[in-house]
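First the structure, in the form of structure tokens, and then the observations on it.
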Number of protein chains: 2
Amino acid sequence: MSATVRRVTVDHDSAVPPYRQLAAILRDRIASGDPAPGAALPSAKTLRQEYGVAETTARKAVALLRDEGLVETIMGGGSFVAKH
Amino acid sequence: MSATVRRVTVDHDSAVPPYRQLAAILRDRIASGDPAPGAALPSAKTLRQEYGVAETTARKAVALLRDEGLVETIMGGGSFVAKH
DNA sequence: CCCTATTTGTTCGTATGTATT
DNA sequence: AAATACATACGAACAAATAGG
């Protein structure tokens, strides 16, 4: 019974663009409760470091989640997981 | 009875970001029937030249209209005024 | 209240990939 | 095959809002 290992990185050689991959990763993290509703997502700068993408790419990923209503952003404050 | 002259350019010193100004300009143009429904908007490159903004900024303006359902974009083809 | 660091918003320029014409 | 057009990425820069001491 070997557990399935899921790679949690961004693959720049994939057909799926990095910003969509990162959005998917963040969606999964939120679905698993980390970060929890009301809690902040990592900053764009942190996402850049953690996933090896440009800061602008990280922002684009978060913007996608914002458009989906999954997160709410406060300018200068951060992006937070929506509660409802 | 002097007609009101409306400036149709992007002001980089305005509080309103250029991409929003350009989106408003294009909205007005579409509302006035130019371009007409089904017709193509100027390309991002043309918008760059006509309004003095970066191509990426022009794309962001068009993306806004796309999100509003005002235009439809065909990759490699162009952006067209929605018909309904 | 002030100063500083952090964080998001936006722009620009450049480069590459992919689809259309 | 070539030119045009959209999609995406990266890096650098500055503004504006926020957070913390």
Side-chain angles (χ1 to χ4, degrees), chain A residues 8-27 29-30 34-36 38-82, chain B residues 8-27 29-30 35-36 38-83:
Chain A
V8 188
T9 59
V10 169
D11 175 14
H12 283 253
D13 293 336
S14 164
V16 180
Y19 84 97
R20 287 189 188 282
Q21 291 182 52
L22 180 52
I25 290 170
L26 294 176
R27 243 181 253 114
R29 285 184 54 173
I30 291 171
D34 171 44
L41 264 68
S43 71
K45 183 181 175 186
T46 299
L47 290 174
R48 177 195 86 195
Q49 299 169 333
E50 290 183 344
Y51 295 101
V53 296
E55 211 167 296
T56 50
T57 302
R59 289 185 196 291
K60 198 165 179 178
V62 174
L64 212 55
L65 304 185
R66 185 167 51 243
D67 287 348
E68 295 170 3
L70 204 60
V71 309
E72 292 167 1
T73 298
I74 296 178
M75 152 91 147
S79 288
F80 306 82
V81 180
Chain B
V8 188
T9 58
V10 168
D11 176 13
H12 278 72
D13 293 336
S14 164
V16 180
Y19 84 98
R20 286 190 188 283
Q21 291 182 52
L22 180 51
I25 290 170
L26 294 176
R27 242 181 252 115
R29 285 184 54 173
I30 291 171
L41 263 68
S43 71
K45 183 181 175 186
T46 299
L47 290 174
R48 177 194 87 196
Q49 298 168 335
E50 289 182 346
Y51 294 101
V53 295
E55 215 168 293
T56 51
T57 301
R59 289 187 195 291
K60 198 165 179 178
V62 174
L64 212 55
L65 304 184
R66 185 168 53 244
D67 287 347
E68 295 171 3
L70 204 59
V71 309
E72 291 166 2
T73 298
I74 296 177
M75 149 90 143
S79 288
F80 306 83
V81 180
K83 287 180 178 171

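In the text below, chain A, chain B and the rest are named by the order of the sequence lines, each starting its count at 1.
- The shortest distance between side-chain heavy atoms of B/T56 and B/R59 does not fall below 4.5 Å.
- Residue B/E55 is out of contact with every strand shown, counting any heavy-atom pair closer than 4.0 Å.
- Proximity of A/H12 to the phosphate of D/dC10: a side-chain N or O atom is located under 4.0 Å from OP1 or OP2.
- For A/A54, whose side chain is taken as the heavy atoms from C-beta onward, the closest listed nucleotide among D/dT8, D/dG11, C/dT10 is D/dG11.
- For C/dT11, the OP1/OP2 oxygens have no side-chain nitrogen or oxygen of B/T56 closer than 4.0 Å.
- Rounded to whole Å, the distance from CZ on A/R48 to C1' on D/dA13 is 14 Å.
- Each of A/V8, A/T57, A/V53, A/V16 was checked for a side chain to side chain contact (heavy atoms under 4.5 Å, CB included) with A/Q21, and the lone residue meeting it is A/V16.
- Note: NZ (B/K60) to C1' (D/dA9) measures 15 Å, nearest angstrom.
- In this structure, the OH atom of A/Y19 is 8 Å from the C1' atom of D/dA7, given to the nearest Å.
- Here the side chains of B/V10 and B/I25 are in contact, with some heavy-atom distance below 4.5 Å.
- For A/T73, counting side-chain heavy atoms from C-beta on, the closest listed nucleotide (D/dA9, D/dC6, C/dT8) is C/dT8.
- For the pair A/R66 CZ and C/dT8 C1', the interatomic distance rounds to 9 Å; values are reported in whole Å.
- Computed from coordinates, the B/L64 CG to C/dG9 C1' distance equals 14 Å when rounded to whole Å.
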Using the rule given for side chain to side chain contact (heavy atoms under 4.5 Å, CB included), can you reason through B/I30 versus B/V71, listing the C-alpha separation, both sets of side-chain angles and the distance that settles it, and then say yes or no?
CA-CA 9 Å; B/I30 291 171; B/V71 309; 3.9 Å; yes

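- Judged by closest nucleotide on DNA chain D, B/L41 is the one of B/L41 and A/V53 placed further toward the 5' end.
- Considering only side-chain N and O atoms, B/T57 lies nowhere under 4.0 angstrom from the phosphate OP1 or OP2 of C/dT10.
- Closest to the A/M75 side chain, of the nucleotides C/dT18, C/dC12, D/dA17, is D/dA17.
- Nucleotide D/dA12 is matched to C/dT11 when pairs are restricted to Watson-Crick or G-U wobble geometry with both distances under 3.5 angstrom.
- Rounded to whole Å, atom P of D/dA9 lies 12 Å from atom CG of A/D11.
- Distance CZ/B/R29 to CG/B/L22: 9.0 Å, rounded to 0.5 Å.
- Following rounding to the nearest Å, A/R59 (CZ) and C/dT11 (C1') show an atom-to-atom distance of 12 Å.
- Rounded to whole Å, the distance from CZ on B/F80 to P on D/dT4 is 16 Å.
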